[in-house]
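Below is one structure, written out as structure tokens, with a few remarks after it.
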Amino acid sequence: MTALSPAHPSLQIYNTLTKRKEPFQTVEPGKVGIYLCGPTVYDKAHIGHMVGPVIFDCIKRYLVYCGYEVTWVVNITDVDDKLIAKAYERGISMLEVAEENIADYNGNLAALGVDQIDHFPRATECMDEIIAIIESLVEQGFAYESEGDVYFDVGKDAGYGKLSNRTVDAMQGEGGGTASRKRGLADFALWKSAKPEEPSWDSVWGKGRPGWHIECSAMSKKLLGETFDIHGGGLDLVFPHHENEIAQSECCHRKPMVTYWAHNGLLRASNATGKVGGRGELEEPGEGGKMSRSKGAGGLADLIASQGGERIRFFLLRTHYRSTVLFNEPAIEEAGVGMETYYRFFKRFERVTGQSIFDLEVPKTRAAGEIDAGPSGLLAEVSELRNKFLAAMDDDFNTGGAVGELFELVRKLNKYCDDHELETESKQSGKVEPFVRGATTLRELASILGVFSKPQAEGGGSSDALLGQVMQLVIDLRTEARANKNFATADAIRDGIEPLGIVLEDRTGGTEWSGGNDETLNGIMQLLIELRQTARANKDFATSDTIRDRLADSGVTLEDRPSGTEWSQG
RNA sequence: GGCGCCGUGGCCAAGUGGCUAAGGCAUCGGAUUGCAAAUCCGACAUCGGCGGUUCGAAUCCGCCCGGCGCCUCCA
């Protein structure tokens with residue numbers, strides 16, 4: 001075994017192979033190679049397929065932050081029995097099935113902010129490498145040809161079973177139709193002979209295609225070398241997929257394939273419809289259980305559309321990657337509620353400093369982010385929270401613990417803002433400076449998790465220009481009412497728009513509004529019409545005219561008819 | 001049957017030998033606000049049960065109860 005680099009001073013990684021946390025050492029000093037098993041693209045992805053990509057996206061971000069040069073590979077298995085079956089079923093080519101689902105997969109990754117992948121190899125593009133490994137295994141006596149198929153001879157591999165902790169005797173093997181071609185039940189296919197109509201590649205054993213497993217041995221070797229640092233995947237891949245990968249690669253190369261095997265826990269669907277107030281067991285669960293495409297799980301694209309990718313990412317990151325996560329939409333919404341705290345703080349930051357928090361220059365490395373606390377009590381606390389955050393990440397990438405520290409950090413910053421009245425005082429620069437430094441650290445840590453890197457996508461309401469103008473009118477009317485101590489009217493306005501999904505917040509600099517959806521505009525118009533009606537009834541023609549004139553400025557016409565007032569645009 | 005995981009406040013979830021058991025959501029008080037919203041402060045668990053090891057355990061060991069995963073395609 002080649003000597004590994006000296007261990008990182010604090011980073012520990014849990015290794016499925018040794019079943020414990022180990023100090024982090026690399027094959028090459030300063031460099032890290034990561035291989036994550038990606039999807040077999042015979043169908044659309046479900047949320048479970050995103051756990052690996054999201055956590056490894058964070059892992060890469062963190063390793064880079066710690067100063068490593070990282071290469072991250074995620075493979076696409078685009079040749080497989082299921083793809084062939086799907087293509088046949090739909091009357092299209094295997095390639096078309098693959099392209100369609102790869103596009104879906106890429107769209108999902110982008111929505112969840114997974115943008116750190118360096119290589120996306122496809123099995124069909126690595127056929128030469130795949131065949132070369134199989135040939136080598138046959139040559140070395142670890143594999144044998146049988147009626148056009150090639151099988152790995154598990155009995156020849158003394159180390160077989162070490163990852164999944166099982167013995168060859170205890171294994172059932174594939175059995176089934178090809179059992180008669182195998183020497184041992186546990187032997188598995190490296191190459192499968194093709195039937196006339198099936199997609200195939202030429203080989204010394206005749207036309208055929210690779211078995212499942214071998215493509216990963218070939219692609220990881222091609223892009224990361226014979227021995228690399230981290231190999232990831234879902235816990236369900238430990239056996240047989242990864243066990244077989246190790247067998248193939250290590251027998252072929254006679255050296256360790258991977259230093260650390262990192263497996264993420266699986267997601268479980270949970271229909272926690274009635275979680276409020278306890279036992280929501282009225283509706284018999286039944287659909288609770290493992291996420292699986294064969295059980296109809298899917299619709300990730302729909303979920304992203306309704307929840308937003310960042311919420312899903314944040315939801316996944318709230319827990320440790322090795323634990324099982326019960327997943328349901330209310331839980332994602334709950335995570336979303338927590339995220340709002342940050343976005344509200346970001347707005348507050350802008351009110352205080354006049355600049356967007358997203359424009360801050362954020363430290364890119366662990367060393368660069370060190371805080372010189374100086375005399376400020378705030379920065380001493382920020383520094384401590386930062387250390388705790390990093391300690392959590394050092395401890396097998398414990399993003400759940402890290403998120404907790406991040407919440408503490410926003411609270412500290414909000415409190416500092418309160419205590420020093422940063423929003424109202426004549427901003428003494430000495431007070432604002434540490435605040436900005438602390439906020440910079442918040443963004444620095446968030447960037448490790450891959451969240452809060454840009455302004456929140458404004459939903460429906462706020463992006464509508466007309467609604468914005470109309471809301472400003474509503475706010476002005478209310479402000480005037482408040483100035484005149486006419487609180488009844490002021491409250492009527494707020495109470496009137498609350499059901500429309502809009503919340504008003506009175507601040508020192510003026511009133512802000514947020515929320516709204518497609519239905520909101522019409523509701524606001526009706527409210528304005530009522531306000532104008534009331535004003536006219538009270539002979540307050542100044543107000544009623546103001547309403548009509550300002551609406552006219554925005555291109556809205558009011559027409560008073562016997563049946564009531566109607567509005568139209570344009 | 002074999003291998004393995006889990007059980008921490010109403011819900012989610014960090015913590016795996018020793019400061020007052022993080023944090024989020026929810027709830028209830030308080031400060032603040034004309035009223036709100038937001039923000040801040042405070043309240044809310046002794047860690048499934050029993051027994052053991054230890055000066056000391058949620059954290060280690062044993063048994064029990066209760067969930068779950070893999071052993072077949074699966075992130």
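Just so you know, these numbers use all the heavy atoms, side chains as well, and skip hydrogens, waters and symmetry mates. Each chain gets a letter, A, B and so on, in the order its sequence line appears, and its residues count up from 1.
In summary, of the residues considered (Val54(A), Asn108(A), Ile332(A)), a side chain to side chain contact (heavy atoms under 4.5 Å, CB included) with Ile312(A) occurs for Ile332(A) alone.
When the P atom is used for both U46(B) and U59(B), the distance is 15 Å, rounded to whole Å. The separation of A31(B) from G66(B), taken at their C1' atoms, amounts to 45 Å, rounded to a whole angstrom. Taking atom P on both nucleotides, C68(B) is separated from U8(B) by 14 Å, rounded to a whole Å. Comparing the C1' positions of G18(B) and G4(B) gives a spacing of 31 Å, expressed to the nearest Å. For the C1' atoms, the distance linking A22(B) with A58(B) amounts to 14 Å, nearest Å. Comparing the P positions of U16(B) and C11(B) gives an interatomic distance of 23 Å, to the nearest angstrom. Straight-line distance between the P atoms of G7(B) and C60(B): roughly 11 Å, to the nearest whole Å. Separation of the P atoms belonging to C47(B) and C19(B) is 16 Å when rounded to the nearest angstrom.
For A14(B), the OP1/OP2 oxygens have a side-chain nitrogen or oxygen of Ser323(A) closer than 4.0 Å. Between Asn414(A) and C40(B) there is a side-chain polar atom (N or O) within less than 4.0 angstrom of OP1 or OP2. Residue Ser164(A) places none of its side-chain N or O atoms closer than 4.0 Å to OP1 or OP2 of C70(B).
With sequence neighbours left out, the side chain to side chain contact (heavy atoms under 4.5 Å, CB included) criterion links Arg344(A) to Glu340(A), Thr341(A). Legend: residues meeting side-chain hydrogen bond (donor to acceptor under 3.5 Å, both in side chains) with Thr534(A), ordered by chain and number and at least two apart, are absent. With sequence neighbours excluded, the residues satisfying side-chain hydrogen bond (donor to acceptor under 3.5 Å, both in side chains) with Asp118(A) are Lys60(A). Partners of Asp395(A) under the side chain to side chain contact (heavy atoms under 4.5 Å, CB included) rule, at least two apart in sequence or in another chain, are Lys21(A). Contacts of Leu223(A) classified as side chain to side chain contact (heavy atoms under 4.5 Å, CB included), with partners at least two apart in sequence or in another chain: Val73(A), His119(A), Pro121(A). The side-chain hydrogen bond (donor to acceptor under 3.5 Å, both in side chains) check on Glu480(A) picks up nothing, with sequence neighbours excluded.
In this structure, Leu449(A) places its CG atom 14 Å from C1' of A14(B), rounding to the nearest Å. Going from atom CG of Leu326(A) over to atom P of G24(B) covers 22 Å, rounded to whole Å. In this entry the distance linking NZ of Lys86(A) with C1' of C73(B) reads 13 Å, nearest Å. Residue Glu405(A) contributes atom CD, which lies 11 Å from atom P of A22(B) at whole-angstrom precision. Taking atom CZ of residue Phe346(A) and atom C1' of nucleotide U39(B), one finds them 16 Å apart after rounding to whole Å.
Gly38(A) comes within contact range of the sugar-phosphate backbone alone, with a heavy-atom separation under 4.0 Å but no base atom that close. Within 4.0 Å (heavy atoms only), His263(A) reaches no atom of the nucleic acid at all. Base contact: Phe487(A) has a heavy atom under 4.0 Å from a base atom. Counting non-hydrogen atoms under 4.0 angstrom, Gly52(A) reaches nothing in the nucleic acid. Residue contacts for Gly404(A): at a heavy-atom cut-off of 4.0 Å it reaches a base atom on one of the strands shown.
In the set C41(B), A75(B), G34(B), A75(B) carries the atom at the smallest distance from any side-chain atom of Val51(A). Nearest nucleotide to the Thr341(A) side chain, out of C40(B), G23(B), C25(B): C25(B). Distance from the side chain of Glu408(A) is smallest for A22(B) among the nucleotides A75(B), C41(B), A22(B).
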Distances for protein N or O near nucleotides 35-37 of chain B N or O, under 3.5 Å:
{"from": "C35(B)", "atom 1": "O2", "to": "Asp491(A)", "atom 2": "OD1", "distance (Å)": "3.3"}
{"from": "C35(B)", "atom 1": "O2", "to": "Arg494(A)", "atom 2": "NH2", "distance (Å)": "2.1"}
{"from": "C35(B)", "atom 1": "N3", "to": "Arg494(A)", "atom 2": "NH1", "distance (Å)": "3.2"}
{"from": "C35(B)", "atom 1": "N3", "to": "Arg494(A)", "atom 2": "NH2", "distance (Å)": "2.9"}
{"from": "C35(B)", "atom 1": "N4", "to": "Asp506(A)", "atom 2": "OD2", "distance (Å)": "2.9"}
{"from": "A36(B)", "atom 1": "N6", "to": "Asp506(A)", "atom 2": "O", "distance (Å)": "3.3"}
{"from": "A36(B)", "atom 1": "N1", "to": "Asp506(A)", "atom 2": "N", "distance (Å)": "2.9"}
{"from": "A36(B)", "atom 1": "N3", "to": "Arg494(A)", "atom 2": "NH1", "distance (Å)": "2.8"}

For nucleotides 4-9 of chain B, list the nitrogen or oxygen atoms of the protein found under 3.5 Å from its nitrogen or oxygen atoms, one pair per line.
{"from": "G4(B)", "atom 1": "OP1", "to": "Asn165(A)", "atom 2": "ND2", "distance (Å)": "3.3"}

Polar atom pairs (N or O), protein with nucleotides 16-18 of chain B, under 3.5 Å:
none

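Residue side chain Lys415(A) does not reach the base of C40(B) through any donor-acceptor N/O pair under 3.5 Å, judged by distance alone. You'll find a donor-acceptor pair under 3.5 Å spanning the side chain of Glu334(A) and the base of G24(B), going by distance alone.
At a cut-off of 3.5 Å, with distance as the only test, a side-chain donor of His263(A) or His242(A) sits close to an acceptor on the other residue. Donor-acceptor pairing under 3.5 Å is lacking for the side chains of Glu22(A) and Gln12(A). For Thr479(A) and Asp476(A), the side-chain atoms include no donor-acceptor pair closer than 3.5 Å. At a cut-off of 3.5 Å, with distance as the only test, no side-chain donor of Tyr42(A) or Asp80(A) sits close to an acceptor on the other residue.
When all heavy atoms of Ser217(A) and Ser220(A) are compared, the pair lying nearest together is O-OG, 3.3 Å.
For the pair Phe315(A) and Cys37(A), nearest-nucleotide mapping onto RNA chain B gives the more 5' position to Phe315(A). Along RNA chain B, the nucleotide nearest Tyr321(A) and the nucleotide nearest Ala335(A) are compared for position; the residue whose nucleotide lies closer to the 5' end is Tyr321(A).
Side-chain contact check for Met219(A) versus Tyr35(A): some heavy-atom pair is nearer than 4.5 Å. Phe120(A) is not listed as a side-chain neighbour of Ile102(A), based on a closest heavy-atom distance of 4.5 Å or more.
When atom types are taken as modelled, the side chain of Asn264(A) and the backbone of Val51(A) share no donor-acceptor pair closer than 3.5 angstrom.
Under the 6.0 Å distance and 45° angle rule, Arg268(A) does not count as a cation-pi partner of Phe327(A).
For Tyr342(A) and Phe407(A), the distance between ring centers is under 6.0 angstrom.
Identified under the salt bridge (Lys or Arg N to Asp or Glu O under 4.0 Å) test for residues 319-331 of chain A, with sequence neighbours left out: Arg322(A)-Asp396(A).
For the segment residues 107-117 of chain A, no residue has any heavy atom less than 4.0 angstrom from an atom of RNA chain B.
Counting only Watson-Crick or G-U wobble pairs whose defining distances are both under 3.5 Å, the stems of 3 or more consecutive pairs in RNA chain B are B:1-7 with B:65-71, B:10-12 with B:23-25, B:27-31 with B:39-43, B:48-52 with B:60-64.
Classification of the Tyr343(A)-Phe452(A) ring pair by plane angle, with boundaries at 30° and 60°, yields perpendicular.
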